[in-house]
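These numbers were taken from a predicted model, which means no experiment stands behind them. Along the sequence shown, residues carry numbers from 1.
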Amino acid sequence: MKRLLFSLFALAVTSVISAETTILKSDFSTEGGTKNWTANNWDGYKPFPKFSYNADIKALHVEKATASYGFGLVNHVEKLSAKAGDSLSIKFQVRGSGRMFVAPQYFSEKGWTGIGKEVHTELISEWSDKELKITVEDIEAPTRQLMLTFGGNQGTELWIRNISAEVKSTNK
C-alpha cells in the first residue's frame, strides 16, 4: 500500500463552555502529500487510484479511481478522543468531479468497532469550502476514539486541502 506524506497535528483544548474539544489539522503542506494517510486496503478499493501531491497549491490529488467502490484514505496515526453523542465537524477545501464522502471509524477501549455513517458531497470544478457534521455513535461497544476516512466513488477525481476535524463533547 502506497504511503503518502503530509503535515498533521492534534491538539486537545477546553472551550469557553467547558466542553472538551479535540482538533485535527492537515494542510498537506509537506512535500509528498500525506504521511499519516494511507489508502484503505479493502478489496473494493482495488486497484488503487493514482495519488499525487501538488506543492504549489498544497493539495492532494486523487485520480483514475477505477475500483468498483472507488477509493478510500484513512488516517491510522491520529485518533481523536470522542464518545457517543459528541459532535464531529470536518472542514476542508475541495474541487473535482464526482462524489466524495467522509466517515469516522470508531474505537472502544479494546479496539476497532466499526465504520460510522458516511456523509457525501458532490464535487464541482472550482474550489469550495465544505463542512460536514456527524454525530458520534457507539458501534458494538462504547466509543472512546475515532479516526477519519475520506474517499470517492468510482470515477471520482478530487483535489483536497486544509482538512480539519473537531470533536465537541456533549459532557455526558
Side-chain angles (χ1 to χ4, degrees), residues 1-2 4 6 8 10 21-26 28 33-34 36-51 59-108 111-125 127-170:
M1 181 163 28
K2 184 176 181 182
L4 307 170
F6 93 112
L8 179 71
T21 302
T22 304
I23 300 172
L24 171 90
K25 292 186 179 182
S26 170
F28 294 108
T34 61
N36 293 337
W37 292 87
T38 58
N40 186 313
N41 205 26
W42 178 54
D43 285 343
Y45 292 147
K46 293 178 182 176
F48 294 130
K50 180 181 177 191
F51 300 103
L60 176 67
H61 183 211
V62 184
E63 61 183 325
K64 299 180 182 169
T66 61
S68 300
Y69 291 90
F71 67 93
L73 286 160
V74 63
N75 184 329
H76 287 281
V77 177
E78 297 292 336
K79 293 184 179 82
L80 302 174
S81 296
K83 65 186 179 313
D86 288 353
S87 174
L88 171 62
S89 173
I90 304 124
K91 296 179 182 178
F92 52 93
Q93 293 179 313
V94 67
R95 74 177 187 194
S97 61
R99 186 174 173 161
M100 72 166 291
F101 71 88
V102 296
Q105 293 196 37
Y106 296 120
F107 294 82
S108 70
W112 186 81
T113 59
I115 301 171
K117 294 178 180 111
E118 293 180 356
V119 178
H120 294 262
T121 187
E122 296 295 324
L123 301 174
I124 61 173
S125 60
W127 284 109
S128 59
D129 294 327
K130 299 286 186 176
E131 180 175 12
L132 305 177
K133 295 186 180 211
I134 299 170
T135 300
V136 175
E137 57 189 320
D138 288 335
I139 299 178
E140 297 182 12
T143 295
R144 294 295 173 252
Q145 293 182 314
L146 64 83
M147 68 182 182
L148 291 182
T149 299
F150 73 87
N153 295 349
Q154 183 181 47
T156 295
E157 178 178 8
L158 70 78
W159 297 85
I160 189 166
R161 64 185 180 193
N162 299 324
I163 298 174
S164 68
E166 181 175 10
V167 176
K168 290 189 180 177
S169 177
T170 57

Looking only at heavy atoms, which two atoms of [X] and [Y] are closest? And how far apart?
{"X": "Gly152", "Y": "Phe101", "result": "N-CE2, 3.7 Å"}
{"X": "Ala103", "Y": "Ile115", "result": "CB-CG2, 4.2 Å"}
{"X": "Val119", "Y": "Lys133", "result": "CG2-O, 4.0 Å"}
{"X": "Gly114", "Y": "Ile139", "result": "C-CD1, 4.0 Å"}
{"X": "Pro49", "Y": "Val62", "result": "CG-CG1, 3.7 Å"}
{"X": "Pro47", "Y": "Ala67", "result": "O-CB, 3.7 Å"}

Are there over 12 heavy-atom neighbours, none belonging to Lys46, within less than 6.0 Å of that residue's NZ?
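Enclosed: over 12 neighbouring heavy atoms sit under 6.0 Å from NZ of Lys46.
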Taking OH in Tyr69 as the centre, count heavy atoms belonging to other residues, nucleotides or ligands within less than 6.0 Å. Is the count above 12?
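Counting neighbours around OH of Tyr69, 12 or fewer heavy atoms of other residues, nucleotides or ligands fall under 6.0 Å, so no.
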Contact between [X] and [Y] at the side-chain level, heavy atoms closer than 4.5 Å - yes or no?
{"X": "Met100", "Y": "Ile160", "value": "yes"}
{"X": "Ser87", "Y": "Thr170", "value": "no"}
{"X": "Phe48", "Y": "Asn41", "value": "yes"}
{"X": "Leu148", "Y": "Leu88", "value": "yes"}

Please check: side-chain N/O of Asp138 versus main-chain N/O of Thr143, any donor-acceptor pairing under 3.5 Å?
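Looks like yes, one N/O pair under 3.5 Å.
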Any side-chain donor near an acceptor of the partner, Glu140 and Thr113, under 3.5 Å:
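There is no such pair between these side chains.
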Does a donor on one side chain and an acceptor on the other come within less than 3.5 Å for Lys83 and Ser169?
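Note: Lys83 and Ser169 side chains meet the donor-acceptor criterion.
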Interatomic spacing from [atom1] in [X] to [atom2] in [Y] - rounded to 0.5 Å:
{"X": "Glu78", "Y": "Gln145", "atom1": "CD", "atom2": "CD", "value": "10.5 Å"}
{"X": "Phe150", "Y": "Phe92", "atom1": "CZ", "atom2": "CZ", "value": "8.5 Å"}
{"X": "Leu73", "Y": "Leu158", "atom1": "CG", "atom2": "CG", "value": "8.5 Å"}
{"X": "Glu157", "Y": "Lys64", "atom1": "CD", "atom2": "NZ", "value": "9.5 Å"}
{"X": "Ser97", "Y": "Ile124", "atom1": "OG", "atom2": "CD1", "value": "11.5 Å"}
{"X": "Thr156", "Y": "Glu63", "atom1": "OG1", "atom2": "CD", "value": "12.5 Å"}

What's the verdict on side chain to side chain contact (heavy atoms under 4.5 Å, CB included) for Val136 and Tyr106, showing C-alpha distance, side-chain angles and the deciding distance?
CA-CA 9 Å; Val136 175; Tyr106 296 120; 3.6 Å; yes
What class does the angle between the rings of Trp159 and His61 fall in, given that below 30° is parallel, 30 to 60° is tilted and above 60° is perpendicular?
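It falls in the parallel class, under 30°.
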Any salt bridge between Lys117 and Glu137, counting N to O under 4.0 Å?
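A salt bridge links Lys117 with Glu137.
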